[in-house]
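What you see is a predicted model, and the numbers here were worked out from it, not measured in a lab. So that the names make sense, note that chain A is the first sequence line, chain B the second, and so on, each numbered from 1.
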Number of protein chains: 2
Amino acid sequence: MAWRGALAEFLIRKLEHFTSLSNDDKHALDQASRQRTRRIRSRDDIVHEGDLPQGVNLILDGWACRYKTLEDGRRQIIAYLLPGDLCDQNVSVLREMDHSIGTVTAVTLAEIPTETMRQLTSGHARLSQALCWESLVAAAIQREWTVNIGQRTAFERLGHLLCELYVRLRAVGLTQGNTCELPLTQAEIADTIGLSVVHVNRTLQELRSVGLISLRGRELTIHRLEALQRAVQFNPNYLHLGREGRHLDSNEA
Amino acid sequence: MAWRGALAEFLIRKLEHFTSLSNDDKHALDQASRQRTRRIRSRDDIVHEGDLPQGVNLILDGWACRYKTLEDGRRQIIAYLLPGDLCDQNVSVLREMDHSIGTVTAVTLAEIPTETMRQLTSGHARLSQALCWESLVAAAIQREWTVNIGQRTAFERLGHLLCELYVRLRAVGLTQGNTCELPLTQAEIADTIGLSVVHVNRTLQELRSVGLISLRGRELTIHRLEALQRAVQFNPNYLHLGREGRHLDSNEA
DNA sequence: ATAGTTTCGTAACATAAGTTAATTTCGCCC
DNA sequence: GGGCGAAATTAACTTATGTTACGAAACTAT
């Protein structure tokens, strides 16, 4: 059976970078994704800080983000949730959410009940490992963001973010050649890498003028990925995609 | 039985902020900590980026940190590991470490084999939940660091870090009144919050001059915790210590 | 104690990034 | 297809933070 078109398609593709799943595993994942799906419109909230944590959300389509707002309005985007990403495999252990999750684009998500998750992991050793891997990778990404914001220059920070998003999208088959969608406004990028909008704009101009990227409409093209990686010290090892995350064929354009 | 003096003392204390453990749970934890302990001297590496991940490490005593180094020598400290902290409950799923772990002070740690961990979690539902909570809190801390470095001013960043370390130490009984150890050099603080050493020094002077803290030798005193929290927008909810992480009695001085 | 080595403290100066504000371009809706 | 609001762009100016450098203090080891 081809898993193109399965609701859990992107998640399955992602997990297969770590291990190959049996048809049974994939079927179970897909079933779990069908129990309850929800459509949320663009720039809307999925979960609020202070909420009681619910079961697991799987992003089926669209972009979301975790974010936190300070009292005076400053906002930090803490993570991007792309198709195939699971939010919070175990949060229900906590008493309340310490941050919010909002959409960037319109999003379709599957709400997988805690009980279904339990069944998935107890009955499928391989799958259970793969899900564990997925949450370790999410943690590794969060660590890398700390490094990115803490140590890198504006140019490197922005380039690094673009590399990461591109490679993550490629890992789930959402790139065409060296192009992918980038539905973020410059204000959102600014809140992601801790810069002002104006400086994001300047830095974007710089990345363009040295010929490393194009960004028009909501479409990003990375002209020379290798060069960009070098220029911004992007080492994809933290994504744990095997074989360094490079040379993974994307779906052809 | 009193668990003062148990090797896993600090871990037990920490977990009990989340749930109360049975004597059986505590005994199992303590036994697991006794299997293999190791002593590492100050400013030495425990784990190197690129290493094959091993079983779980539990910090029994002393301070360690996760860090990452860029090619040109810039370094970011990604997390502090304090007594009672577990490193990497499931890393063995990954093929290689994407960052290093080094000591700040001399450290005693327990290496808990993967198999022992499995037994711990499968035989003790309560404990298993508590360990899950501990890893969710670690992730929440990492997210908060992203916010801290991304959005806050130097003054807030540093104050926030000090609040966090103080509250975490208090949660395991390692404070005396409003004082705790802070065995970090200013260079290490700088690499933690993404500032230069000089600016850390300036900012420290500022925190002192407004009477919020004292820091001499390796001893930190927070004179007015509430005031400091307000001044730097430190909201301890992300530590999920129940009751907001305040009013937890520390061991008396 | 003494010498050597970190760490801390400060000053003078340099610069990356923030702010404000005005203009242009883009995407969308009637 | 014109008008409206959001997003992007640019310029001029400000500021927080970085850099370099040097001396003082605090540890460490003999």
Can you measure A:Glu206 atom CD to C:dA16 atom P for me and round it to whole angstrom units? 10 Å

Can you confirm whether A:Val56 sits close enough to A:Glu111 that some side-chain heavy atom of one is under 4.5 Å from a side-chain heavy atom of the other? no

Where each residue is assigned the nucleotide of DNA chain C containing its nearest heavy atom, which of A:Arg218 and A:Leu195 is assigned the position nearer the 5′ end? A:Leu195

To the side chain of A:Val198, which of C:dT10, C:dT20, C:dT7 is closest? C:dT20

Students often get this wrong, so: under 4.0 angstrom with heavy atoms, is A:Arg208 touching a base, only sugar-phosphate, or nothing? sugar-phosphate

Tell me which one of B:Leu225, B:Leu241, B:Asn178 satisfies side-chain contact (heavy atoms from CB on, under 4.5 Å) with B:Arg170. B:Leu225

Euclidean distance, atom CG of residue A:Leu184 to atom C1' of D:dA7 [Å, nearest integer]: 13 Å

Is the phosphate of D:dA8 approached by A:Asn201 (side-chain N or O, under 4.0 Å from OP1 or OP2)? no

Spell out, as yes or no, whether a donor-acceptor pair under 3.5 Å connects the side chain of B:Arg66 to the backbone of B:Ala79. no

Earlier contact from the 5' end, DNA chain D, for A:Gly217 and A:Arg202: A:Gly217

Return whichever of B:Gln186 or A:Thr203 has its heavy-atom-nearest nucleotide of DNA chain C closer to the 5' end. B:Gln186

So which nucleotide from C:dT7, D:dT17, C:dT10 ends up closest to the side chain of B:Thr153? D:dT17

Is a side-chain donor or acceptor of B:Thr221 paired with a backbone partner of B:Ile213 at a separation under 3.5 angstrom? no

Output the rounded distance in Å from CZ (A:Arg152) to P (C:dA16). 18 Å

Integer-rounded Å distance: D:dT17 C1' and B:Phe155 CZ: 16 Å

Separation of A:Arg74 atom CZ from D:dA16 atom C1', in whole Å? 13 Å

In whole angstroms, the gap separating C1' of D:dA7 from CG of A:Asp191 amounts to 14 Å

May I ask you to say what A:Thr185 touches in the nucleic acid, namely base, sugar-phosphate or nothing, with a heavy-atom cut-off under 4.0 Å? sugar-phosphate

Picking from D:dT9, D:dT17, C:dA17, which would you name as closest to the side chain of B:His199? D:dT17

Taking atom C1' of C:dA16 as reference, at what distance in whole Å does atom CD of A:Gln151 sit? 15 Å

D:dA16 C1' sits how many Å from B:Ile149 CD1, rounded? 17 Å

Looking only at non-hydrogen atoms, find the nearest pair between B:Leu11 and B:Gly84 and report the distance. CD1-O, 3.2 Å

